[in-house]
Amino acid sequence: MKNLRKEFPVLSQNTYLNTASSGLLYDSLLDHRQEHDLDFLIGGSMFRDKQQDFLNSVRKSVGDFFGCRSENTVLTTNFSLGFNTILNGLDKDHKVMLLDKDYPSVNFAVITKGFEVCYAKVNATLEQNIEEAIIEHNPTVFAFSLVQYINGISIDLDFLKQLKLKNPDLIIIADATQFCGTKEFNFKTSGIDILGCSGYKWLLGGYGNGFMLFKENVLQQITPGSYKKAAALANYDSSYTNLRARYECGHLDTFNFGSLQFSLKFLSGIGLSVIEEKIQELINYTKTELANLNLLEKHVVLRNNHSSIFNIKGDQKMHNTLIEKNIITSLRGNGVRISLHFYNTIEDVTRLLDVLHRYR
């Protein structure tokens, strides 16, 4: 892992604890991107002649990485665009359950579409709260982030499996942007019906790429009847009228999706099990140390499992102090958010703790 750090030049000058805001560009990906643009420079439109074959290969790479058939894998420039496309096609008689204070790209998108909305509270008993809210409100759709962007509380994946078994008609939609790339995951065996992700964070794919994964028949189920009727009557190439076309309308950038594909291969080369083990080691150490300093909210401390995102009790002054020490974090909610990836080390966390001790 320490040798891998050399791939990320920003780490030589900074203690980078901010992947939840943006994953890092690395040397190998930069080389790949330069080769891509050189080929485009030399080939012009001829470079794009095989774009459909290439994009099919990207869908297969994404599907293989997460356990989803390529036919049910949709490429989109980011999660928000894909999610809004889903919402735009849903009947307005759906009742959507959200998590309170979830990412605006989830909650605000739903609220502005005119759906009836209900909420489950995010705290130490999150899973219990979800079950009770479903019994009370009887929603037809549950849309949420797998990992909460402010404090890092994450939903138990086994719980989601059981939730789906108990509520087979509930459409479960997950934003996995703060999750994908942190541990091994198989979409096919999960309790999630639709999973979306932007590639620029933990997947290290850079900006302008993302994807949506659909369980069998779900894409058909949520496509408006008016669209399917028009598609059946239209005399166009299927790339304009198939069920994916609602999400993949217009040109898809081979530069951006090539970056995503390259990074999936990069992460696979390291091994998701290796990455998961390294991140878990960092989580265990960081949570213990921050809890000892009384810098974590009680709901985070009380939960057994947690993501690699933590929100430290702090303010703008603390954030500025960290910046002065070249420790890169984000202000989120009522505190300073840190986030850890496989390229971080225990020494990075120790450096943060030393500054926090002196600051206090």
Taking the six-membered ring for Trp, are Tyr16 and Phe8 closer than 6.0 Å centroid to centroid? no
For Tyr26 and Phe266, take the angle between the two ring planes, folded into 0 to 90°, and tell me which bin it lands in: parallel under 30, tilted 30 to 60, perpendicular over 60. parallel
Using only heavy-atom distances, determine whether the side chains of [X] and [Y] contain a donor-acceptor pair under 3.5 Å.
X	Y	result
Arg337	Thr329	no
Arg351	Thr15	yes
Tyr343	Thr19	yes
Gln280	Glu276	no

With sequence neighbours excluded, what pairs up with Ser61 under the side-chain hydrogen bond (donor to acceptor under 3.5 Å, both in side chains) test? Gln261
Evaluate whether atom NZ of Lys228 has more than 12 neighbouring non-hydrogen atoms of other residues, nucleotides or ligands under 6.0 angstrom away. yes
How far does CG of Leu272 sit from CD of Glu277, to the nearest 0.5 angstrom? 12.5 Å
Show which side-chain atoms of residues 190-201 pair as donor or acceptor with protein atoms under 3.5 Å away, not counting sequence neighbours.
{"unit_1": "Ser190", "atom_1": "OG", "unit_2": "Phe187", "atom_2": "O", "d": "2.8"}
{"unit_1": "Ser190", "atom_1": "OG", "unit_2": "Ile192", "atom_2": "N", "d": "3.2"}
{"unit_1": "Asp193", "atom_1": "OD1", "unit_2": "Lys164", "atom_2": "NZ", "d": "3.2"}
{"unit_1": "Asp193", "atom_1": "OD2", "unit_2": "Lys164", "atom_2": "NZ", "d": "2.8"}
{"unit_1": "Asp193", "atom_1": "OD2", "unit_2": "Ile172", "atom_2": "N", "d": "2.8"}
{"unit_1": "Ser198", "atom_1": "OG", "unit_2": "Phe79", "atom_2": "N", "d": "2.9"}
{"unit_1": "Lys201", "atom_1": "NZ", "unit_2": "Ala20", "atom_2": "O", "d": "2.9"}

Identify whether Leu99 and Leu146 are in the same connected component of the hydrophobic contact network (ILVMFWY, side-chain heavy atoms under 4.5 Å). yes
Quick check against the 3.5 Å criterion: does Tyr247 have a side-chain atom that pairs as donor or acceptor with the backbone of Met212? no
